[in-house]
Participant: 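The following block contains the structure, expressed as structure tokens.
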Amino acid sequence: MTIEIPSRDELGVILKKAKRIAVVGLSGNPERTSYMVSKAMQDAGYEIIPVNPTVDEVLGVKAVKSLKEIEGHIDIVNVFRRSEHLLQVAKEFADIDAEVFWAQLGCIDEEAYHFLKEKGYTVVMDRCIKVEHALTK
């Protein structure tokens with residue numbers, strides 16, 4: 001089994017269309033990668049929704065405990081969790097109104113990938129959303 005990542009051009013289209021990004025595992029610590037990446041995306045004009053049961057607020061936005069607590073459509077779910085947690089997040093993702101499942105650099109899970117692809121979702125794994133945004137502006 002293999003994982004096929006959308007091309008850089010396709011990632012650019014996804015990022016240009018997107019407005020709301022739910023960030024699973026967004027830390028309130030400004031020194032963490034999830035915070036820095038999400039701050040850059042927020043500064044670029046995206047609405048960031050922190051998804052983390054251990055924080056109340058990040059980047060000036062009230063955090064939710066799970067994806068299911070988010071009201072309205074989500075364009076991208078950006079996941080900052082270790083690879084072994086991706087399937088669990090993918091299953092929750094499949095139960096909400098979202099389009100793109102994006103696992104950050106270094107995060108890959110073939111079972112989660114195939115679970116979502118079989119349902120027709122766009123899946124990105126092992127790519128940094130901030131880097132792709134910078135390269136496709």
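All values below come from the heavy atoms of this structure, side chains included, with hydrogens, waters and symmetry mates left out. Every value quoted in this text rests on a predicted model; they were computed, and no experiment measured them.
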Participant: With the 4.5 Å side-chain cut-off for hydrophobic clustering, are I3 and V89 part of the same group?
Facilitator: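 Same cluster.
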Participant: Distance check, rounded to the nearest 0.5 Å: K16 atom NZ versus L11 atom CG?
Facilitator: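 The CG atom of L11 is 10.0 Å from NZ of K16, to the nearest 0.5 Å.
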Participant: Going only through I, L, V, M, F, W and Y residues with side-chain contacts under 4.5 Å, is there a path from V13 to M125?
Facilitator: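 Different clusters.
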Participant: Among all residues two or more places apart in sequence or in another chain, which pass the side chain to side chain contact (heavy atoms under 4.5 Å, CB included) test with H133?
Facilitator: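 Scan of H133 (side chain to side chain contact (heavy atoms under 4.5 Å, CB included), adjacent residues dropped) gives L15, M41, A44, Y46, K137.
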Participant: Tell me, please, which residues at least two apart from K68 pass salt bridge (Lys or Arg N to Asp or Glu O under 4.0 Å).
Facilitator: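 Once residues adjacent in sequence are excluded, the partners of K68 under the salt bridge (Lys or Arg N to Asp or Glu O under 4.0 Å) criterion are D95.
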Participant: Which heavy atom of I48 sits nearest a heavy atom of S38, and at what distance?
Facilitator: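 Taking every non-hydrogen atom into account, CG1-O, 3.7 Å.
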Participant: Only pairs under 3.5 Å count here: list side-chain donor-acceptor contacts from residues 24-34, not counting sequence neighbours, and write none if there are none.
Facilitator:
residue	atom	partner	partner atom	Å
S27	OG	N29	N	2.9
N29	OD1	E31	N	2.8
S34	OG	S27	N	3.0

Participant: Do you reckon L105 sits in the same ILVMFWY cluster as I5, going by side-chain contacts under 4.5 Å, direct or chained?
Facilitator: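 No: no chain of side-chain contacts under 4.5 Å links L105 to I5.
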Participant: Going by the rule side-chain hydrogen bond (donor to acceptor under 3.5 Å, both in side chains), which residues pair with E92 if we only count those two or more places apart in sequence or in a different chain?
Facilitator: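 side-chain hydrogen bond (donor to acceptor under 3.5 Å, both in side chains) list for E92, sorted by chain: S66.
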Participant: Got a sec, which residues hit salt bridge (Lys or Arg N to Asp or Glu O under 4.0 Å) with K17, two or more places apart in sequence or on another chain?
Facilitator: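 For K17 the salt bridge (Lys or Arg N to Asp or Glu O under 4.0 Å) partners, ignoring immediate neighbours, are E99.
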Participant: Take V100 and V77, measure what side chain to side chain contact (heavy atoms under 4.5 Å, CB included) needs, and give me the verdict at the end.
Facilitator: CA-CA 6 Å; V100 179; V77 172; over 6 Å; no
Participant: Could you tell me the separation between the CD1 atom of I96 and the CD atom of E71, rounded to the nearest 0.5 Å?
Facilitator: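 Those atoms lie 12.5 Å apart.
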Participant: K91: what forms a side-chain hydrogen bond (donor to acceptor under 3.5 Å, both in side chains) with it, not counting sequence neighbours?
Facilitator: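 Here no residue qualifies.
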Participant: When rounded to the nearest 0.5 angstrom, what distance separates CD in E10 from OG1 in T136?
Facilitator: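 Answer rounded to 0.5 Å: 12.0 Å.
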Participant: Show me the donor-acceptor pairs, under 3.5 Å and distance only, between side chains in residues 116-124 and residues at least two apart or in other chains.
Facilitator:
residue	atom	partner	partner atom	Å
Y121	OH	A94	O	3.4

Participant: Identify the two heavy atoms, one from C107 and one from S83, that lie closest to each other, and give their separation to 0.1 Å.
Facilitator: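 Nearest heavy atoms, C107 then S83: CA-OG, 3.3 Å.
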Participant: Heavy atoms, side chains only, cut-off 4.5 Å: are D109 and F115 in contact?
Facilitator: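 They are not in contact (no side-chain heavy atoms under 4.5 Å apart), so the answer is no.
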Participant: How long is the span from the CD atom in Q42 to the OH atom in Y35, to the nearest 0.5 Å?
Facilitator: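 Separation between the atoms: 8.0 Å.
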Participant: Just to verify, which of V23, D126, I129 counts as forming a side-chain contact (heavy atoms from CB on, under 4.5 Å) with Q104?
Facilitator: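 Output: one option passes, namely I129.
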Participant: If you group Ile, Leu, Val, Met, Phe, Trp and Tyr whenever their side-chain heavy atoms sit less than 4.5 Å apart, what else falls in with L135?
Facilitator: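 Via sub-4.5 Å side-chain contacts, L135 links to V131.
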Participant: Do F101 and V79 touch side chain to side chain, with heavy atoms closer than 4.5 Å?
Facilitator: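 A side-chain contact exists here, since the closest heavy-atom pair is under 4.5 Å.
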Participant: Test of understanding: with side-chain hydrogen bond (donor to acceptor under 3.5 Å, both in side chains), list the residues that count as partners of R127, not counting sequence neighbours.
Facilitator: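 side-chain hydrogen bond (donor to acceptor under 3.5 Å, both in side chains) list for R127, sorted by chain: empty.
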Participant: Verify the neighbour count for atom CD of E84: are there more than 12 heavy atoms of other residues, nucleotides or ligands below 6.0 Å?
Facilitator: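 Correct, the count exceeds 12.
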Participant: Find out if a path of hydrophobic residues (ILVMFWY) with successive side-chain heavy-atom gaps under 4.5 Å connects V64 to V61.
Facilitator: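 Each belongs to a different hydrophobic cluster.
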Participant: Please enumerate all residues that pass side chain to side chain contact (heavy atoms under 4.5 Å, CB included) together with T54, with sequence neighbours excluded.
Facilitator: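 Counting only residues at least two positions away or on another chain, T54 forms a side chain to side chain contact (heavy atoms under 4.5 Å, CB included) with N52.
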Participant: Report the distance from atom CD1 of I14 to atom CG of D9, rounding to the nearest 0.5 Å.
Facilitator: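 Rounded to the nearest 0.5 Å, the CD1-CG separation comes out at 11.0 Å.
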Participant: Between atom NE2 of H114 and atom CG of L87, what is the distance when rounded to the nearest 0.5 Å?
Facilitator: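 Nearest 0.5 Å value for the NE2-CG distance: 12.0 Å.
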Participant: Please identify each residue that fulfils side chain to side chain contact (heavy atoms under 4.5 Å, CB included) with R20, with sequence neighbours left out.
Facilitator: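 Partners of R20 under the side chain to side chain contact (heavy atoms under 4.5 Å, CB included) test: E47, I49, I70, I74, D75.
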Participant: So, using salt bridge (Lys or Arg N to Asp or Glu O under 4.0 Å) as the criterion, who are the partners of D56 when residues are at least two apart?
Facilitator: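 Expected list: none.
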Participant: Taking atom CD as the centre, does E111 end up with more than 12 heavy-atom neighbours from other residues, nucleotides or ligands that are less than 6.0 angstrom away?
Facilitator: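 At most 12 heavy atoms, drawn from other residues, nucleotides or ligands, come within 6.0 Å of this atom.
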